[in-house]
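The shown structure was predicted, so the numbers you read here are calculated from the model rather than taken from an experiment. All ligand and atom numbering here is 1-based and tracks the order in the structure. Side chains included, hydrogens not; waters and symmetry mates left out as well; all remaining heavy atoms used.
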Amino acid sequence: MRELSIVVATADRDRRVRGLIPRLVSEKDAAAIELILIEYGSRVSRAVPQTRFALTTTRASTTAPVEALNEGIGLARGRICLFIDDDVLPEAGLIDEHLELHRGGPEAIVVGRRVLDPGGRDWYLREIARTHDARHEALERGDRVLGGEDWLAGSLSVPRSALVSAGGFVAEAGDFAAVELAYRLRDAGLRHVYAPRARCHETESMTPVRAVSAAERNGRGAIALSRIRPTVRAELLDFNDPPGYGIAARRGLLATNVPARSVLALADLLAPRAPTSGLASFVSSYAYWHGVRAHTTSDEWTRLTCGTSILMYHAVAPREAPARRFIVPRGKLDRQLRALRWLRRTPISLEQYISDRMAHRLPPARSVVITFDDGYLDNLELATPALTRRAVPATVFVVTGYVGGMNSWDTEGELADRPLMSWQGVAELQRSGIGVGAHTRSHRPLPSLDLETRRAELAGSKADLEHQLGVTVRAFAFPYGLGAADADCVAGVAEAGFDAACTVFPGRNTEATPLLGLRRTEVYGTDSILRFAQAVLLGDAQAVWRRRRGSLHRQT
Ligand SMILES: [Zn+2]
């Protein structure tokens with residue numbers, strides 16, 4: 001059996017592959033290697049390529065490049081298939097480096113390195129070449145793992161048997177067919193291996209406009225791939241990455257559909273006076289998201305980039321009682337629930353949010369989740385009628401060791417000695433359609449507990465609720481929000497069997513937000529309707545109007 005089949009698909013053999021073929025060299029026995037050249041375009045080639053390897057040239061039965069590659073796999077007889085793009089020039093050593101990395105060890109999918117022109121005098125090309133090199137150096141050091149565009153490196157190799165059993169490339173993944181294959185084979189158990197010495201250069205010289213178009217194509221590829229493999233969404237389509245003020249600017253420019261080339265032209269004007277690395281990263285990420293936006297509906301776009309806000313309340317007081325931080329008067333709660341409609345929000349239950357996330361579905365556009373902490377009796381008597389009247393779902397986090405008693409974990413403050421629901425009340429709450437989550441047994445901060453006590457608090461509160469209510473309890477809320485950033489505490493929550501946990505870190509929840517670290521913003525009983533709107537729209541009640549009395553998270 002041959003050792004290696006090199007597969008090159010091309011639409012223009014005379015022009016593109018002429019330079020590539022003489023560069024395919026190896027120190028191995030030439031008889032161990034074959035070259036398969038598949039043409040899929042309308043051009044007919046006249047020249048016969050000169051190579052030391054056994055050569056098969058054929059015309060594909062299709063004009064689609066991905067299908068042509070699959071036909072190449074069908075013709076291949078080597079143990080390993082090496083795919084080389086027709087628009088690159090490989091360095092000597094590429095073939096041997098690929099072969100070397102398949103030797104020994106479990107099966108792998110191996111990707112080489114595309115070398116970008118250092119950019120010369122253009123600031124944008126210089127910056128993207130620098131970022132590209134830094135990303136590859138991080139790969140080589142092992143500081144990051146392969147993902148997304150790394151798989152578009154010009155050369156890729158896979159054991160043929162793994163390719164055949166995986167069914168080859170998928171046409172629907174378009175420009176990201178190689179990326180899709182890499183993720184699919186990883187799920188099938190293959191290792192991802194980076195081959196830094198399998199280097200390719202681009203044949204056409206790069207221009208800033210070409211670079212911007214490539215970024216747009218990558219955005220389009222990422223969205224196409226996410227439709228086939230929704231699990232990649234969190235990694236490839238995180239709108240808040242990179243974080244910072246650029247996000248709002250990007251969103252604004254995208255809303256008016258400013259072409260990526262115009263953003264590049266604008267950046268050209270700013271470049272002499274601004275730090276070029278930030279500017280270049282803005283242009284590239286703008287182009288990427290412009291590519292995504294062009295291939296999504298407006299509903300899908302909102303679901304993908306806006307995320308879900310989760311609000312946190314505590315207690316509710318009779319209609320026009322004075323408002324306190326932790327106590328919202330019923331009249332105000334009514335007005336806030338009414339406001340959800342004119343803010344065009346879709347209230348969903350925490351259960352639905354968790355289910356959507358676990359199934360890698362995007363939650364509904366403009367969704368908002370309402371939660372109450374501690375399980376006060378007024379949640380049943382005052383909040384539940386207000387919620388059910390408007391069909392707004394909610395979840396109440398119950399402290400199971402105090403059910404039927406009162407808040408005696410606080411010795412002072414607004415909530416001290418406040419009555420809590422009985423088990424009968426919790427069951428009634430659940431019958432009214434309000435969800436129930438766990439909030440430990442005794443409301444002690446998780447980081448202060450030894451391992452055994454923490455386990456008893458977490459698993460115990462879940463078991464108490466499940467025993468009393470006969471349902472599976474999936475959600476947890478950290479008492480005082482403490483422990484949410486502590487890896488041991490979070491691991492404890494997972495170990496207790498919870499699917500999701502709410503923190504008190506503000507912000508909207510997207511696919512990139514860990515389910516055990518859901519962001520949540522507190523609605524103060526004293527908040528104005530404008531601040532409530534801010535909490536709902538931005539997932540952060542303090543995003544714009546920052547100063548708020550008593551904003552220490554002393555008690556949650
Ligand atoms: Zn609490």
(message) So, of the N/O/S atoms that His443 has, which is the nearest one to the Zn ion (ligand 1)?
(response) NE2
(request) Would you verify whether the NZ or CZ of Arg520 falls within 45 degrees of the ring axis of Phe478 while also being under 6.0 Å from that six-membered ring's centre? (result) no
(request) Verify the ring-centre separation between Tyr194 and Trp151: is it less than 6.0 angstrom? (result) no
(message) Strictly under 2.8 Å, is the Zn ion (ligand 1) approached by any N, O or S atom of Asp373?
(response) no
(message) Can a donor-acceptor pair be found, under 3.5 Å and without considering hydrogens, that links the side chain of Thr388 to the backbone of Thr384?
(response) yes
(request) May I have the angle between Asp374 OD1 and His439 NE2 with its vertex at the Zn ion (ligand 1), rounded to 10°? (result) 90°
(message) Counting C-beta onward and ignoring hydrogens, is there a side-chain heavy-atom pair between Ile348 and Pro364 closer than 4.5 Å?
(response) yes
(message) Any N/O/S atom from His314 (main chain or side chain) under 2.8 Å of the Zn ion (ligand 1)?
(response) no
